[in-house]
Peer 1: 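Pasting in a structure now, in structure tokens, and then I'll have a few things to ask.
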Amino acid sequence: MQTINHQEIEKKWTEKWLKSVIYKTPENVDPAKKQYILPQLPYPSGSGLHVGHAEVYTACDIYARYQRMIGKQVLQVIGWDAFGLPAENFAIKTNIHPRINTDKAIENFKAQITALGASVDWDRTVGSHNPDYYKWTQWFFLLMYDRGLAYRKKQAVNWCDSCKTVLANEQVVNGHCERCDTEIVQKDMEQWFLKITEYADRLSADLDKIDWPAETIKRQKDWIGRSEGALVKFEIKLQESGIRNLESDKTDRNSNGVLKQVQDRISEDKTTSYELQTTKFLEVFTTAHDTIFGATFVVLAPEHEMLQELQSQITNWAEVNQYIQATKFKTELDRQQEKVKTGIKLDGVGVINPMTNEEIPIFVADYVLGGYGTGAIMAVPGHDERDFEFAEKYHVPIKYLVAGAENKFLSYSGDIKGNTDKYHLINSGEFNGQSFTEARPAILKKLEDLGVAKAQIQFKLRDWSVSRQRFWGAPLPMIKRMAATDEEKTKFSGNPEKVVQLHAWGSKKSEHFHQWLKDELAKLKIESVIPDLPEPYTPIFNEWLKTAMTVINQDLENQVLIGRSLSTWTALKIAESVKLRKLILLCPVSPVDAYIKGIKKIISEQEVITSIENFIYQNQIDLKKVQENCGEIVIFLSTNDPYIPFVETEKWFRENLPFARIFRVKNAGHFNADAGYSTFPTLLKEVLAEVRPDLRRAKMDDLPVILPDDVDFKPTGQSPLTYSPHFQDGVAEKYGNEWSREVDTLDTFMCSSWYYFRYLDPKNDQAFASEKALKTWMPVDFYLGGPEHVNGHLLYSRFFTKVLFDAGYIDFDEPFTKHRHQGMILGEDHRKMSKRWGNVINPTDVVEKYGADTIRIYEMFMGPLEQSKAWSDAAVRGVRRFLDRVYTFSLNAKFVNDSPETEVELHKMLAKVTNDTAELHFNTAVSEFMKFLNYVEAHNISEKLWKIFILSLAPYAPFLTEEIWQTLWFEKQSIHLERWPKYDESLLGKSEIQIAVQINGKVRGKINISSDTDEAIAMGLAHQEANVEKYLNNAIIKKVVYVPGKILNVII
RNA sequence: GCCGAUGUGGUGAAAUUGGUAUACACGUCAGACUCAAAAUCUGAUUCCUUUUAUCGGGAGUGAGGGUUCGAUUCCCUCCAUCGGCACCA
């Protein structure tokens, strides 16, 4: 047998392929033919490529090569997730800049991947640590910020004391740091968060429309944790006389660990308390509101702010406070691991169960989590195991509500499988005797009618903390006022006191969102005015201004001013002289002639800019002053506004009001009712949102904010950028003396959340990717990556994509149409590969010893792509033997003429390989190649058919097949530019097949038959089989089951 | 604890909608070649059983049960392994 000189041919062909650029991404792509194949972005670790990487790149590469051969236009790129803690920690240890080792590791990875024969377009590679990449990571952060999705808040966060940084929930594994295994502690710190929770519903629901592994979809759904239930208010009963001073309620918005949405809700409640003067409510979230008759106590999380509010009423405060303080010192892990529930009853206070009207006690206990729901529960010990355990320990009465049930813990909301109507309610007042299906909606309705409940959907998902106190990441592109006091930071944390809305040209104050918004604000007891601007069809700027000024309260800073369309300019002029909490400009139409002649549909871009500038000049509006006066400026633009050339307008505002948040809304027209009401709630949210006057976005032309090199990156708990001597250079000139750059860096997951967009257009310095490139290539057709990223990277990428969709940049809202995970490759000892076990296989060693084709085919042959499987060196040699036999046969073959049988065999093989490759069943495709070679060695073959075999092997063994193709057979063009051979369907059924003859279901013989033979002939053949006849002889045939081409079963 | 996935030879594994269980490969054994070994080639290889050898017979896809002419595949109960979540009300 001839042995392949793999080292020689691999070197030769790698160079030739590179020179002839055969793997370059095609230009002029037909959308119907595009195929975007994406291997997961690797972290370029110093220890080099792992066999698991090799599996991913090989699988993607075989698939990509196959797609090219069937005529698809393929995009396949590999880039580098280069920022991150391991590189930084290594840098700290060695005192070498992380860039040096990272770039070295990247070179190494690239060489190793190239050696595997991966047909990657390296011209498009990206590294997330390069400024031309992280410029756009920063841009994405600002996109989030512009849309109100990035916020800074003091919260209890996960702190790793060894890495000296904050971690996302996804990076905490069993209470330990994912990277260094240090136990995580909770620490109150001000951090940047992204509001991924705002997308929780869509992130959960849209999982149903993508082709992902079922268990992955399930895991992501569980992580998002959607549950349907109700918010129920319990009236608080104070036993001491006299009501507390409610003024103290105002300072509650920054309390620890309680979600913003909860706080919003509680502040709603406050309005109720103001109104009734004597009533306070405790709100709980429950999914089993129908068990409320059994609620015999309520429980607050130790973080719950109501505890502080009730302090003066709680007669055993000292004891309660001690408990609260004690839980503060417990780690999340301690709290999880404690199996025995603890808690304290609050003396002196209680709540009223709204259904039974009985007074029930309040407890504080750490089995209730501050971060979920409202941080408070109604406890139903009869139907909840946790509540039961607690009630037994603290001797609270237990009430059962279900008759006929064996399991006392069932809640009749959802736990009962099958026929729920065999149980009925007891102890449930007017609902006694009802079935669960009847009672659940009826009880909710009753509670709603009483005004104490509303249906509510809750999520487990928390907002994503993205700031890191580390060096090796993209700087966070924000600036902050250095001397900001707590007072400045929090002065706009509550609701605004007044909202002024200015209507548009030719419109009335009752139109569009104006009245709706006013009604919504009234519910929150926020004053809102909409002045009638004079002569709306022939407006005069100064007249509008004069009228508007009459409703502005110039002494009230906590005020929101909204200018819509033409009144944008009125609002701007007002903001020049009046201090405002927030200025909102909705669809700012150009002021060209409009104050007299009315608004035209889109005018030329030049006209717009000229008209705006003339207007600003004529009316002497000082935009700098406007920025200084406003806590925040938000400009809403719609991507299809008929009156506004949206791109130019956006650009002008970016330049002239650089601190403004520009909020792009997809297809909202001119923000009128015609375009749908979907923007109305967004506007309301924006009116109510907290404003941080001490924080501003970086200007666009300041991007990228360069990560400085002059930094001592040793961890101190302070962000290392604090100590850079030059990081703040030029900031005063750009932003003013009192401002400085944010010194935190961004979580590396932000870098990897959008890289697949950058591959499309990696050198674009005007956008993260051009519209054309996005339209051509996205979404990703096939994404292969590890299952460890399900609740991190994969969730974040979907989030980013949905935000881009909402902002009108793209017209799809799921990035990865088809996604699969590769299984883990274990060592020969069936253990996870690890230095500790000494069972690590280095793919490059295998390439050197046996060749790239061998490791490619071996890793595919090991088993199904998604399964974990153990390495076997002996089996690697088996694959190598197969390739040597292919080579030897090609070299020495004395080909014969075509024979029909061989042709049938070939097409059977080709059909199987074609389908298996398309379906990613690479392991069975390889076994089909081997089977076919066995056949060929026994029967010989014609040259024509053998060529077809070699072609079909090309995606799997690119080097060997190229060598045979060009060197042995003198073909002029690379085999990798050839077309995939088509199998002939008509040949597949032609051959004679063997089917089993069964007697009473047991195989007694086999007959050769074609698939269209009828039953009588088949029976005749069966009788000729001696062993079959032995049974049929003298027997009475009761039944014959004959499935042509499959089986003949005779029942006697 | 809850949820999910997976259990097939000595090993990795295969088996379209239920239709010859163990393809393909590794390993092992025997033989060929060789002074010898490696490499290579040929053959055997689920277990039990019958037989001088065939031809046969029985059991068999984690265990037990069910549906069916027929079950690795569908249903029920249980066990084991792996993975995820972990007081989410």
Side-chain angles (χ1 to χ4, degrees), chain A residues 1 3 174-175 213-216 218-219 222-223 225-227 229 284-289 291 295 299 335-339 341 365-369 371-380 383-387 389-390 411 413 458-462 787-788 790-791 824 826 828 830 858 861-864 866-879 881-882 884-885 888 912 915 921 923-934 937 993-1007 1026-1027 1030 1038-1043 1045-1052:
Chain A
M1 193 170 70
T3 295
N174 283 331
E215 69 267 29
T216 303
K218 202 185 165 302
R219 273 177 62 190
D222 285 351
W223 184 262
R226 183 182 195 276
S227 52
V284 304
F285 173 71
T286 176
T287 53
H289 54 263
T291 60
V299 190
R335 265 173 83 167
Q336 280 167 17
Q337 279 175 344
E338 262 165 31
K339 290 289 171 232
K341 295 191 173 33
D366 66 5
Y367 83 93
V368 173
L369 305 174
Y372 182 76
T374 65
I377 61 157
M378 65 176 207
V380 185
H383 301 282
D384 182 282
E385 211 166 338
R386 296 156 302 183
D387 298 343
E389 195 189 313
F390 192 82
S411 102
S413 56
Q458 272 296 335
F459 298 93
K460 283 192 222 172
L461 188 70
R462 310 296 165 83
E788 68 277 13
V790 167
N791 296 326
M824 197 193 298
L826 307 170
E828 293 215 67
H830 290 74
Y858 171 67
F861 185 55
M862 288 174 88
E866 310 196 15
Q867 211 167 85
S868 67
K869 49 242 156 184
W871 190 268
S872 158
D873 205 53
V876 176
R877 289 195 294 274
V879 169
R881 199 174 304 144
F882 161 74
D884 278 339
R885 279 162 61 200
T888 306
K912 176 96 174 119
N915 295 328
H921 297 151
N923 54 328
T924 47
V926 172
S927 87
E928 199 64 25
F929 287 134
M930 292 172 166
K931 250 199 280 199
F932 187 71
L933 178 64
N934 289 345
E937 284 178 337
I993 45 171
Q994 194 184 51
I995 70 165
V997 180
Q998 297 182 335
I999 309 295
N1000 290 348
K1002 293 215 180 293
V1003 179
R1004 297 301 178 188
K1006 286 160 191 181
I1007 53 176
N1027 198 45
K1030 194 167 91 188
K1038 288 192 195 143
K1039 189 176 175 185
V1040 176
V1041 178
Y1042 175 61
V1043 184
K1046 300 271 187 194
I1047 200 123
L1048 175 63
N1049 191 5
V1050 184
I1051 314 304
I1052 54 172

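What you are looking at is a predicted structure, and each value in this text was computed from that prediction instead of being measured.
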Peer 1: Which part of the nucleic acid does A:Ala870 contact within heavy-atom distance under 4.0 Å: base, sugar-phosphate only, or nothing?
Peer 2: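 Here A:Ala870 touches no strand at all.
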Peer 1: At less than 4.0 Å, is any side-chain N or O atom of A:Asn934 found next to OP1 or OP2 of B:A23? Yes or no.
Peer 2: no
Peer 1: Taking any heavy-atom pair under 4.0 Å as a contact, classify A:Val1041: base, sugar-phosphate, or nothing.
Peer 2: base
Peer 1: Measure CD1/A:Ile1051 against C1'/B:U68 and give the value in whole Å, please.
Peer 2: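 After rounding, the gap between these two atoms is 10 Å.
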Peer 1: Rounded to the nearest 0.5 Å, how far apart are CD of A:Gln867 and CG of A:Asn923?
Peer 2: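 One gets 8.5 Å once the value is rounded to the nearest 0.5 Å.
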Peer 1: Expressed in whole Å, how much space separates the C1' atoms belonging to B:U6 and B:G56?
Peer 2: 38 Å
Peer 1: Is any side-chain heavy atom of A:Val380 less than 4.5 Å from a side-chain heavy atom of A:Thr286?
Peer 2: no
Peer 1: Determine whether a donor-acceptor pair (one donor, one acceptor, N or O, separation below 3.5 Å) exists between the side chain of A:Lys1038 and the base of B:C69.
Peer 2: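 A donor-acceptor contact between them is absent.
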Peer 1: Which whole number of Å gives the distance between the P atom of B:U68 and that of B:G18?
Peer 2: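 About 16 Å, rounded to a whole number of Å.
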Peer 1: So what's B:A15 paired with, Watson-Crick or G-U wobble, going by both distances under 3.5 Å?
Peer 2: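 Matched B:A15 with nothing under the 3.5 Å cut-off.
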Peer 1: Using a cut-off of less than 4.0 Å, is there contact between a side-chain N or O of A:Thr924 and OP1 or OP2 of B:A23?
Peer 2: no
Peer 1: Take atom CG of A:Asp366 and atom C1' of B:A89, then tell me their distance rounded to the nearest Å.
Peer 2: 15 Å
Peer 1: Under 4.5 Å between any side-chain heavy atoms of A:Arg885 and A:Asn934, yes or no?
Peer 2: yes
Peer 1: Nearest to the side chain of A:Met930 - B:A89, B:C24, B:C26?
Peer 2: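 In terms of side-chain proximity for A:Met930, the closest of B:A89, B:C24, B:C26 is B:C24.
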Peer 1: Separation of A:Lys1002 atom NZ from B:G60 atom C1', in whole Å?
Peer 2: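 The distance from NZ of A:Lys1002 to C1' of B:G60 comes to 10 Å, rounded to the nearest Å.
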Peer 1: Taking atom C1' in both B:G7 and B:G12, compute the distance separating them and give it to the nearest angstrom.
Peer 2: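 Comparing C1' positions in B:G7 and B:G12 gives a spacing of 15 Å.
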Peer 1: P atom, B:U67 versus B:C76: distance in rounded Å?
Peer 2: 15 Å
Peer 1: Can you tell me, in whole Å, how much space there is between the P of B:U22 and that of B:A14?
Peer 2: 15 Å
Peer 1: Answer yes or no: does a side-chain N or O of A:Asn923 lie under 4.0 Å from OP1 or OP2 of B:G12?
Peer 2: no
Peer 1: What is the distance from CD of A:Glu788 to P of B:G84, rounded to the nearest Å?
Peer 2: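 Whole-Å distance recorded here is 10 Å.
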Peer 1: Tell me the interatomic distance from A:Asn915, atom CG, to B:U16, atom C1', rounded to whole angstroms.
Peer 2: 10 Å
Peer 1: Both distances below 3.5 Å, Watson-Crick or wobble geometry, any strand: find the nucleotide opposite B:U22.
Peer 2: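 Result: none.
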Peer 1: Please name the nucleotide paired to B:U8 by Watson-Crick or G-U wobble geometry with both distances under 3.5 Å, or report none.
Peer 2: none
Peer 1: Counting heavy atoms from C-beta on, name the nucleotide in B:U20, B:C24, B:A86 closest to the side chain of A:Ile1047.
Peer 2: B:U20
Peer 1: On a whole-Å scale, what distance lies between the P atoms belonging to B:G66 and B:G43?
Peer 2: 44 Å
Peer 1: Side-chain contact, heavy-atom cut-off 4.5 Å: A:Val879 with A:Met930?
Peer 2: yes
Peer 1: Taking only the P atom of each, what is the distance from B:C55 to B:G70 in whole angstrom?
Peer 2: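 After rounding to an integer number of Å, I get 28 Å for this pair.
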Peer 1: Please evaluate the base of B:U17 for a donor-acceptor partner in the side chain of A:Lys1046 within a cut-off of under 3.5 Å?
Peer 2: yes
Peer 1: With side chain to side chain contact (heavy atoms under 4.5 Å, CB included) as the test, pick out the partner of A:Val997 among A:Ile1047, A:Asn1027, A:Ile1007, A:Asn1049.
Peer 2: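 The single option meeting the side chain to side chain contact (heavy atoms under 4.5 Å, CB included) with A:Val997 is A:Ile1007.
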Peer 1: Sticking with atom P, work out how far B:U34 lies from B:U51, rounded to a whole angstrom.
Peer 2: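 My reading of the P atoms in B:U34 and B:U51 gives 40 Å.
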Peer 1: Just how far, in rounded Å, is P of B:C26 from NZ of A:Lys869?
Peer 2: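 Answer to the nearest Å: 19 Å.
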Peer 1: Whom does B:C85 pair with, Watson-Crick or G-U wobble, provided both distances fall under 3.5 Å?
Peer 2: B:G1
Peer 1: Which one is paired to B:U68, where only Watson-Crick or G-U wobble pairs with both distances under 3.5 angstrom count?
Peer 2: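 Pairing partner, where one exists within any strand: none, as none qualifies.
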Peer 1: Can you find a heavy atom in the side chain of A:Thr924 that is under 4.5 Å from one in the side chain of A:Glu928?
Peer 2: no
Peer 1: Determine, for A:Lys341 against A:Glu389, whether the closest basic-nitrogen to carboxylate-oxygen distance falls under 4.0 angstrom.
Peer 2: yes
Peer 1: May I ask you to evaluate whether A:Arg1004 reaches the phosphate of B:G58, defined as a side-chain N or O under 4.0 Å from OP1 or OP2?
Peer 2: yes
Peer 1: Have a look at A:Asp387 and say if it touches a base, only the backbone sugar-phosphate, or nothing, with a 4.0 Å heavy-atom cut-off.
Peer 2: nothing
Peer 1: For a quick check of understanding: with a heavy-atom distance under 4.0 Å over all strands, which category does A:Thr3 fall into, base, sugar-phosphate or nothing?
Peer 2: nothing
Peer 1: Nearest-Å distance, CZ (A:Arg881) to C1' (B:A25)?
Peer 2: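 Interatomic distance, CZ of A:Arg881 to C1' of B:A25: 9 Å.
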Peer 1: Looking at A:Gln867, does any N or O in its side chain come under 4.0 Å of the phosphate oxygens OP1/OP2 on B:A13?
Peer 2: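 So the side chain of A:Gln867 is within the cut-off, an N or O lying under 4.0 Å from OP1 or OP2 of B:A13.
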Peer 1: Could you tell me which nucleotide pairs with B:U77 by Watson-Crick or G-U wobble geometry, both distances under 3.5 Å, or answer none if nothing does?
Peer 2: B:A63
Peer 1: Suppose we define a pair by two distances each less than 3.5 Å, Watson-Crick or G-U wobble; what does B:A30 pair with here?
Peer 2: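 With both distances under 3.5 Å, B:A30 matches B:U42.
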Peer 1: According to a strict under-4.0 Å criterion, is A:Lys1039 in side-chain N/O contact with OP1 or OP2 of B:C69?
Peer 2: yes
Peer 1: If you check the A:Lys931 side chain, which of B:A23, B:G4, B:C26 turns out closest?
Peer 2: B:A23
Peer 1: Can you find a heavy atom in the side chain of A:Trp871 that is under 4.5 Å from one in the side chain of A:Val876?
Peer 2: yes
Peer 1: Roughly how many Å is it from NE2 in A:His830 to P in B:G10, rounded to a whole number?
Peer 2: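 My rounded result for the distance is 14 Å.
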Peer 1: Would you please confirm or rule out a distance under 4.0 Å between OP1 or OP2 of B:A89 and any side-chain N or O of A:Tyr372?
Peer 2: yes
Peer 1: Going by the glycosidic torsion and a 90 degree boundary from 0, is the base of B:G58 oriented syn or anti?
Peer 2: anti
Peer 1: Who does B:C47 pair with, Watson-Crick or G-U, both distances under 3.5 Å?
Peer 2: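 Answer to the pairing question: B:G58, which forms a Watson-Crick or G-U pair with B:C47.
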